[in-house]
Amino acid sequence: MFSANFYFCHSFGRAARKSRDTPLTTAHMSDILQKIQEAVSHSVTALYGEPVDASKVQISPTPPDFTGDYSVVIFPFVKMAKKAPDVVAGEVGNLVREKVSEIKGFNIVKGFLNLELEDACWRNFLQETVGNAHYGRRPANGIKVMVEYSSPNTNKPLHLGHIRNILLGWSCSKILEATGHEIVRSQIVNDRGVAICKSMLSWKKFGEGKTPENSGVKGDHLVGDFYVLFEKKTKEEYDAWQETDAARQVYEAQHKPTQTEAVFFKEFKNKWFNEYSTLGTEVREMLRKWEANDPETIDLWKKMNGWVYQGFDQTYSDLGVSFDKLYYESNTYLLGKDIVEDGLKKGVLFKKEDGSVWIDLTDAGYDQKLVLRADGTSVYITQDLGTAKMRYEDFGCDRFVYVVADEQNYHFQVLFEILKRLEEPYANGLYHLSYGLVELPGGRMKTREGTVVDADDLITEVIRLAEEQSNEQGALAEVPEEQRSENLRKVGLGALKFFITKVHPKKKMIFNPEESVDLQGQTGPYIQYSYVRINGLMQRMAKEGIDLSIANAYDPIQPQEKALLIALHEYPAVLLSAAEAYDPSLVANFCYDLAKKYHKFWHDLSIFSADHAAAKAFRLQLSKCVGQVLQSGMDLLGVDMPERM
RNA sequence: GGUCCCGUAGCUCAAUGGAUAGAGCAACAGCCUUCUAAGCUGUCGGCUGCAGGUUCGACCCCUGCCGGGAUCACCA
């Protein structure tokens, strides 16, 4: 099937540059793709008389089944050349080869010009990369970005959904940082409102003085337990109420003909809570007292939120994430009114007869949206308008990334649109990193059905799985306990974090607690394992005092080695794409691909017992470089590498 | 109903508009006297939801359908 259009051109003019004695003066690998693009551009123009933008020349790694390192897509030039694709490829190939001394030869397959680079290029690339701890990273670009990646409520502990949110945000912030941005990591804590009041009231009525200290329950869980208890007590009250004469009268007077009693009372629950419930009345009273700064209520609120923060801090610390700036809703929920004032002045907003303030976004495909109630109090979006401005004033960031689930897409579209119309200076730098919800095999997680996967439980479980696996292997049997548990932590969390970050953010993901966090195959531990193998090599290398300087005498480079070199060479471009797309999954998939190639290399080729000293040195150097890049890439996902496993 | 997102192997996920759509899991069959087998190799598995269109070339872009989800609050 290849016979008609498959031929090699290796032999053209080889003699002059065949000698290995004098190393080629090559361009740095980082420049070579650009050099090829320019050469193609010039060649096409010279041959066919039409200008071609060098940056538009498509060049990509040659797929493994074909010979070559990089391939140029020739189809775009076929029309201007008025010749068959393979003829064009041959003509362009010859000219490009003359212009770029690093090209050893080329072949043509169905309109693809496959270029093979001199091994010297790759040896040089390895040498200049292996010592470079910053490989792939870019210098500061002067752009300041705030990433808000956690916005928990303080009435219950964090769950699996928060974990995806946190890991995505953390990873994005690391990727942006690596590509030269200055980062401010922020959290907005929803520390006020009716939810926390429910926990407070519940504790006050039924708590019997329980604290995290005297009960041994982690603070956020303790507060969450009282929230659940409140819901339970409310349900009991509601069930009892339904038996009363008052309930009967309400049902008789208000039910629709088609509604059974059960259906009616199910739908009536909110109304009942707001108008009939004793607990409802008490909790509203508590909220009122909070808003009135009642000292006793504020004290309780501070105490219980304090417990929650201790708990959150523990979970954040377990996940290895941190924040530069915390915002609290209790400080921001009144913000935004000045912006509304300003918007009215500018005529962007308008006031209805009742005094409420609105914006009309129907021309942008949205609806009319309330931004301030008639009584002058804020709604959700008012607050976000205010905090946006406050953040800008606090830090002067050029860009703001909100990591929030996709159920709030509409909210952010509207928010950004309003800020644009108000001509806020930061309005064009806003980005909603929207991600799909995490679902269980049976559907969404439901608090009421008790299917919520708790963050702390999950972390404990993945570490337990790692330990179980490790015990089967027995590899850590000799390792001191402290170091052992540290490695197991890294493996367990590596599995969890990789499992979550490898999925494209926009996609909703199915999380099966039984099966999802594998330790084999396309997983975090698979990648960590390749690092551990490399680490073993490095220790032995240090012990034996091996000199890597003869690596440059290695020849010829084997396909398994070339595959690694090409992958390593892609790394900086992967980071750039990931930063531009706010997409950690690109980095995750790159790391997996690199680890896979390394395992193959390990299996196929001997390292310490290589035939020649140069081969040994080269392979060690290559391994070291792979280890560096894997560590660097996984660090951007928040994954630490164990030394042993 | 309007708007937005997602439909790829039994399952979980990949694939800057480019070559024969790839991995892992599950199932089956192999590979440790050798640098850690959490590894490697092989077999099995597909009308990329359907139908058109644009293009030299479409999983990818456009249109229309069909499924699934989100959202359209003076909740956050």
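Proteins get letters first, then strands, A, B, ... in listed order; numbering begins at 1 in each.
- For U20(B), one of the phosphate oxygens OP1 or OP2 lies less than 4.0 angstrom from a side-chain nitrogen or oxygen of Lys110(A).
- The phosphate of A23(B) (OP1 or OP2) has no side-chain N or O of Lys502(A) nearer than 4.0 angstrom.
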For nucleotides 24-29 of chain B, read 5' to 3', which letter fits each nucleotide if B means a protein heavy atom sits under 4.0 Å from the base, S means only the sugar-phosphate is that close, and - means neither?
-> SS----

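- The aromatic rings of Trp290(A) and Trp301(A) sit perpendicular, their planes meeting at an angle over 60°, well past the 30° parallel limit.
- Across all strands, Ile188(A) comes closer than 4.0 Å to no nucleic acid atom at all (heavy-atom distances).
- For A14(B) and C4(B), the P atoms lie 23 Å apart once the distance is rounded to whole Å.
- Relative to the six-membered ring of Phe273(A), Lys198(A) meets both conditions, a distance below 6.0 Å and an angle of at most 45° to the axis.
- By the 4.0 Å N-to-carboxylate-O rule, Glu407(A) lies close enough to Arg444(A) to be salt-bridged with it.
- Nucleotides C6(B) and U16(B) are separated by 14 Å at their P atoms, to the nearest Å.
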Walk me through it: do Asp191(A) and Ser330(A) pass the test side-chain hydrogen bond (donor to acceptor under 3.5 Å, both in side chains)?
-> CA-CA 6 Å; Asp191(A) 61 341; Ser330(A) 54; 2.6 Å; yes

Please assess Glu643(A) against Lys490(A) for the test salt bridge (Lys or Arg N to Asp or Glu O under 4.0 Å), listing each intermediate value before the final yes or no.
-> CA-CA 10 Å; Glu643(A) 301 303 306; Lys490(A) 286 176 179 171; 5.1 Å; no

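- Residue contacts shown for Ser470(A) include a base, since a base heavy atom lies under 4.0 Å away.
- The cationic atom of Lys351(A) (NZ for Lys, CZ for Arg) does not lie both less than 6.0 Å from the six-membered ring centre of Trp358(A) and within 45° of the ring axis.
- Residue-level contact check: Thr377(A) touches neither bases nor backbone, having no heavy atom under 4.0 Å from any strand.
- Checking Glu643(A) against Tyr526(A), the closest nucleotide of RNA chain B that is more toward the 5' end is the one next to Glu643(A).
- Cation-pi geometry between Arg164(A) and Tyr435(A) is not satisfied (NZ or CZ under 6.0 Å from the ring centre, within 45° of the ring normal).
- The side chain of Lys600(A) places an N or O atom within less than 4.0 Å of a non-bridging phosphate oxygen (OP1 or OP2) of U41(B).
- Within 4.0 Å (heavy atoms only), Leu519(A) reaches at least one base atom of the nucleic acid.
- For A37(B), one of the phosphate oxygens OP1 or OP2 lies less than 4.0 angstrom from a side-chain nitrogen or oxygen of Arg533(A).
- No hydrogens or angles considered: a donor-acceptor pair under 3.5 Å links the side chains of Thr62(A) and Ser71(A).
- Taking the 5.5 Å centre cut-off and the 30° plane limit, the aromatic side chain of Trp602(A) is not classed as stacked on G39(B).
- Each of Gln58(A) and Asp583(A) was matched to the nucleotide of RNA chain B holding its nearest heavy atom; the match closer to the 5' end belongs to Asp583(A).
- The existence of a salt bridge linking Glu461(A) and Arg464(A) is confirmed by a sub-4.0 Å separation between a basic side-chain nitrogen and an acidic carboxylate oxygen.
- Between Tyr526(A) and His599(A), the ring planes are perpendicular. Angles over 60° get that label, and only those under 30° would be called parallel.
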Could you write out each protein N or O paired with an N or O of nucleotides 74-76 of chain B at a distance under 3.5 Å?
from: C74(B); atom 1: N4; to: Asp354(A); atom 2: OD2; distance (Å): 2.9
from: C75(B); atom 1: OP2; to: Arg373(A); atom 2: NE; distance (Å): 2.8
from: C75(B); atom 1: OP2; to: Arg373(A); atom 2: NH2; distance (Å): 2.4
from: C75(B); atom 1: O5'; to: Arg373(A); atom 2: NH2; distance (Å): 3.3
from: A76(B); atom 1: OP2; to: Tyr380(A); atom 2: N; distance (Å): 3.1
from: A76(B); atom 1: O3'; to: Glu329(A); atom 2: OE2; distance (Å): 2.7

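- Using atom P as the reference point in both G68(B) and U8(B), the two lie 14 Å apart (nearest Å).
- No contact: Val78(A) has no heavy atom under 4.0 Å from any strand.
- Side-chain N/O atoms of Lys506(A) include one lying less than 4.0 angstrom from OP1 or OP2 on C6(B).
- Base engagement by Val491(A) is indicated by at least one non-hydrogen atom pair under 4.0 Å involving a base atom.
- Annotated stems with RNA chain B as a participant read B:1-7 with B:66-72, B:10-13 with B:22-25, B:27-31 with B:39-43, B:49-53 with B:61-65, given as range with range, by first number; only runs of 3 or more Watson-Crick or G-U pairs under 3.5 Å qualify.
- In this structure, C32(B) shows a glycosidic angle within 90 degrees of zero, which is the syn conformation.
- With centroids closer than 5.5 Å and planes inclined by less than 30 degrees as the test, Phe112(A) and the base of G18(B) fail to qualify as a stacked pair.
- Taking atom C1' on both C47(B) and C72(B), the two are 37 Å apart, rounded to the nearest angstrom.
- Counting all heavy atoms, side chain and backbone alike, Pro642(A) lies closest to Val491(A) at CG-CG2, 4.0 Å.
- Residue contacts for Gln528(A): at a heavy-atom cut-off of 4.0 Å it reaches no nucleic acid atom on any strand shown.
- Comparing G49(B) with G10(B), their P atoms are spaced 13 Å from each other, to the whole Å.
- Under the stacking definition used here (centres under 5.5 Å, planes under 30°), the residue Tyr410(A) fails to qualify as stacked on the base of A70(B).
- Close placement of the Tyr598(A) and Phe601(A) rings is indicated, their centers lying within 6.0 Å of each other.
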